Protein chains: 2
Amino acid sequence: MKYNQVTIKDIARELGISPSTVSRALKDHPDISPETKKAVNELADKLNYQPNIVALSLRQSKTNTIGVIIPELVHFFFSTVISGIEDVAYSAGYNVIITQSNESLQREKTDIKALFNSRVDGMLISVSRETSNFDHIDNILAKGVPMVFFDRVYENSNSSRIIVDDLSGAKEATLHLIEQGCKRIAHLEGPPNLEITKQRLEGYKQALQEHNIPIDPSLIVACPLGTIEEGKKATEILLAMDEKPDAIFATNDPAAMGSMQAIKEAGLKIPQDIAIVGFSNWFFTALLDPPLTSVDQPGFEMGQEAAKLLIRQIEVKSKNHDVELQPETKVLKTRLIVRDSSLKKGKKK
Amino acid sequence: MKYNQVTIKDIARELGISPSTVSRALKDHPDISPETKKAVNELADKLNYQPNIVALSLRQSKTNTIGVIIPELVHFFFSTVISGIEDVAYSAGYNVIITQSNESLQREKTDIKALFNSRVDGMLISVSRETSNFDHIDNILAKGVPMVFFDRVYENSNSSRIIVDDLSGAKEATLHLIEQGCKRIAHLEGPPNLEITKQRLEGYKQALQEHNIPIDPSLIVACPLGTIEEGKKATEILLAMDEKPDAIFATNDPAAMGSMQAIKEAGLKIPQDIAIVGFSNWFFTALLDPPLTSVDQPGFEMGQEAAKLLIRQIEVKSKNHDVELQPETKVLKTRLIVRDSSLKKGKKK
DNA sequence: GTGAAAGCGCTAACAC
DNA sequence: GTGTTAGCGCTTTCAC
């Protein structure tokens, strides 16, 4: 963008001093005389001088920008993560560039390359549903770009990561259903590539085992997309069984919503006939009918923690190129929000 | 970001040729011999050379980046706008930087300055709820930065804008309620600074007038935030009136959802006692109970159109600094999605 | 067909 | 206390 930008040179020329003096005056360098500083700052204000970040970035080989790759912006969860990232990044003097992979591996590859080309100082990544090969990430990692993964992490990298305790969350949700007297609890399973899917399944299984409830594979239905439509279809399959489930623990809220639709259309009641629990991506679950019990994930906090870790890494590395920070794993707790969709005996929370 | 980036110089040194030749070879300049081109491209591939966009931006005084300022990412409407913007921007070779004002004027000022400092080639802006003074925008506009406003526009600028036909949408919604037999239709009004608020009120009034229904100021309740809580409070006020309304046209979906809560808590039925229509910000209105009739806004299309207009403006201006493109106003149609919350006579769509 | 040199805006040695 | 110079990575005249 050229247009009418004021540069340090303009100020220098007008004041009859050198650009370096202007530069120093603007950053309050101790060498510069108070008078010069005053004159420079006043003129800068008057001309509404704004430093050119592009030049600065080139000069310092540092853009003060962090790149973020998320699967999709429309999820409430990810948009809260973004806010958490911005919160920390802005106060540390970093800009944020957000890209969406749209759950496509191809797009994720393009995004990561684009962020690298923009010379971001580091990246925060939550991988797409399709990502099972990580060459594109290793590639950039090999160039020494600091990376922190969040929620959907790259398991085998030795990068830092922020995750949610999916196993405990899923277990808690399942235990809650068991406490409500449910015996045949179905699980709508998420995208197979994602670690979180495995963890949620494992939490579900552990809860059943602790109560000596046999694990029935026919009650575990794949929902690789985790969408409303898919949750609906999966539930229709479950409802067609001879022995219907009396509860469903869904991979996420959209799937749970699909379940609710299917159950209502079948003329059944929630939670009397079938109780429902979702894993939270959105926040309006309180407004559904009946209000949905959900395993809530702390998105804002996750964004904050991820950004903190990344920035620390960037700053250590920029001071000393050879020091590698030990990778850290931070596990955040989920919170089960109990609502009517899972309260079998009609007891309110 | 320094790290291990390969530069044109590296390639030149390795091949024993000059950086300028490498540069030309990489962009397939006709002067360069096929052999040189081949050698350069092969080495570039081998070293995984990625051009440094920061250097390029500085050199060309063009960042190929457009900045976006939106009130809040968490709204479904705005996240679809973003996708529309990215759709057009990426295929035209532009990057996108998104900032959120969080509905704060202060933050909007910081954002716009940050985007200017980053030397974005142009900006797409939807102003915050608080924005009634536009000096910060005029300031940047005066520097010649191309800007296009969308949805919540800066009325008095002569910039291009993409808006939704709020007046017709609101009128259509109100007429729909009238057709359902409603006589006392309340309106939950939006943030007073925004033009869209005025348009929606005007559409509401026009519909009533066309049917000779008197406009009762006590049925128009302010909802400056447009949140669920506010919609609920506003509705409680309406329900406390001697002559209750028999329908509510809300400034947006959250307000409509608040209304629904208040009505249910008062033991009344939707739509039998009171019918509801919202103005759409989110997409899950179909899943509410009862499913909410909404004036749907075309977010993706709005993003596309805004980006198209801005990029055209950027490219004309970069070719010829003095030519100013005539500002355009593009009005997109809303779509009334009729659902149970407004179907008074129980007739299904 | 290729190279040398200048410059985008800024800062940081190194002068003096 | 201030100026001069060089250089971040790249492109683009202008030479030859």
Side-chain angles (χ1 to χ4, degrees), chain A residues 1-41 44 47-65 116-121 143 318 321, chain B residues 1-41 44 47-65 116-121 143 318 321:
Chain A
M1 225 268 314
K2 194 167 186 141
Y3 309 111
N4 315 323
Q5 36 180 334
V6 182
T7 74
I8 269 186
K9 265 190 188 165
D10 297 328
I11 298 180
R13 194 180 332 105
E14 189 130 342
L15 253 38
I17 57 180
S18 83
S20 34
T21 306
V22 175
S23 169
R24 283 185 276 238
L26 287 171
K27 18 188 44 189
D28 205 21
H29 190 106
D31 276 0
I32 304 296
S33 75
E35 303 79 51
T36 312
K37 277 183 191 167
K38 187 155 172 288
V40 167
N41 281 306
L47 299 179
N48 198 2
Y49 165 79
Q50 300 287 87
N52 184 327
I53 287 197
V54 177
L56 229 162
S57 299
L58 183 61
R59 177 70 233 258
Q60 336 226 74
S61 300
K62 179 158 194 308
T63 52
N64 278 291
T65 299
F116 178 76
N117 288 1
S118 299
R119 296 306 192 264
V120 294
D121 294 331
K143 304 206 188 230
S318 81
H321 262 220
Chain B
M1 226 269 313
K2 194 169 185 135
Y3 311 109
N4 316 323
Q5 36 180 333
V6 182
T7 74
I8 270 186
K9 265 190 188 168
D10 298 327
I11 299 181
R13 195 178 335 103
E14 190 131 339
L15 256 38
I17 57 180
S18 81
S20 28
T21 305
V22 175
S23 169
R24 281 184 277 236
L26 286 170
K27 18 187 46 191
D28 206 19
H29 190 106
D31 275 0
I32 304 297
S33 74
E35 302 80 48
T36 313
K37 277 184 192 167
K38 187 155 171 287
V40 167
N41 281 306
L47 300 180
N48 199 1
Y49 166 78
Q50 300 288 88
N52 185 327
I53 288 196
V54 177
L56 229 162
S57 298
L58 182 62
R59 176 69 230 261
Q60 336 227 75
S61 299
K62 180 157 192 306
T63 53
N64 278 290
T65 299
F116 177 76
N117 288 1
S118 298
R119 296 305 191 267
V120 295
D121 294 331
K143 304 205 187 230
S318 79
H321 262 220

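Hydrogens, waters and symmetry mates play no part in the numbers below; they use all other heavy atoms, side chains included. Chain letters run A, B, ... following the sequence lines, proteins first, then strands; residues in each count from 1. All values reported here derive from a predicted model rather than from experimental measurement.
- A 4.5 Å side-chain heavy-atom check between B:Ile11 and B:Leu47 finds at least one atom pair inside the cut-off.
- For the pairing with B:Tyr49, the side chain to side chain contact (heavy atoms under 4.5 Å, CB included) check across B:Asp10, B:Val22, B:Leu26 returns one residue only, B:Leu26.
- A:Val40 pairs in a side chain to side chain contact (heavy atoms under 4.5 Å, CB included) with only one of the listed residues (A:Leu15, A:Ile32, A:Thr21), which is A:Leu15.
- The nearest whole Å value for the distance from the CG atom in B:Asn117 to the P atom in C:dC10 is 10 Å.
- The base of D:dT12 does not come close enough to the side chain of B:Ser23 for any donor and acceptor atom to sit less than 3.5 Å apart.
- Nearest-nucleotide mapping onto DNA chain D: of B:Ala55 and A:His29, the residue sitting toward the 5' end is A:His29.
- Between C:dC8 and A:Lys9, a contact under 4.0 Å exists linking OP1 or OP2 to a side-chain N or O.
- If you check distances only, the side chain of A:Arg24 does reach the base of D:dG3 with a donor-acceptor pair under 3.5 Å.
- One atom, CD1 of B:Ile32, and another, P of D:dT12, lie 13 Å apart when rounded to the nearest Å.
- For the pair B:Ile8 CD1 and D:dC8 P, the computed distance is 13 Å after rounding to whole Å.
- When the P atom of C:dA12 is taken as reference, atom NZ of A:Lys62 falls 13 Å away, rounded to whole Å.
- Under the salt bridge (charged side-chain N to carboxylate O under 4.0 Å, His left out) criterion, the residue pairs touching residues 24-35 of chain A are A:Asp28-A:Lys37, with sequence neighbours excluded.
- Partners of B:Asn48 under the side chain to side chain donor-acceptor pair (under 3.5 Å) rule, at least two apart in sequence or in another chain, are A:Asn139.
- Within the structure, every side-chain polar atom (N or O) of B:Thr21 is placed at least 4.0 Å from both OP1 and OP2 of C:dG1.
- Across D:dG1, D:dT4, C:dG9, the shortest atom-to-atom separation from the side chain of A:Ser18 is found for D:dT4.
- For D:dT4, the OP1/OP2 oxygens have no side-chain nitrogen or oxygen of A:Ser20 closer than 4.0 Å.
- The CD-P distance, from B:Gln60 to C:dC8, rounds to 14 Å in whole Å.
- Looking at which nucleotide of DNA chain C each of A:Leu58 and B:Ser33 is closest to, the 5′-most match is held by B:Ser33.
- C:dC8 atom P lies 11 Å from atom CG of A:Asp10, rounded to whole Å.
- At a threshold of 4.0 angstrom between heavy atoms, the contacts of B:Asp31 include nucleobase atoms, whether or not backbone atoms are also involved.
- Within the 4.0 Å cut-off from OP1 or OP2 of D:dC10, at least one side-chain nitrogen or oxygen of B:Tyr49 is found.
- Computed from coordinates, the B:Lys37 NZ to C:dG1 P distance equals 9 Å when rounded to whole Å.
- Distance A:Asn52 CG to C:dG7 C1': 14 Å, rounded to the nearest Å.
- The side chain of A:Leu56 lies closest to C:dC10, out of C:dC10, D:dC10, D:dT2.
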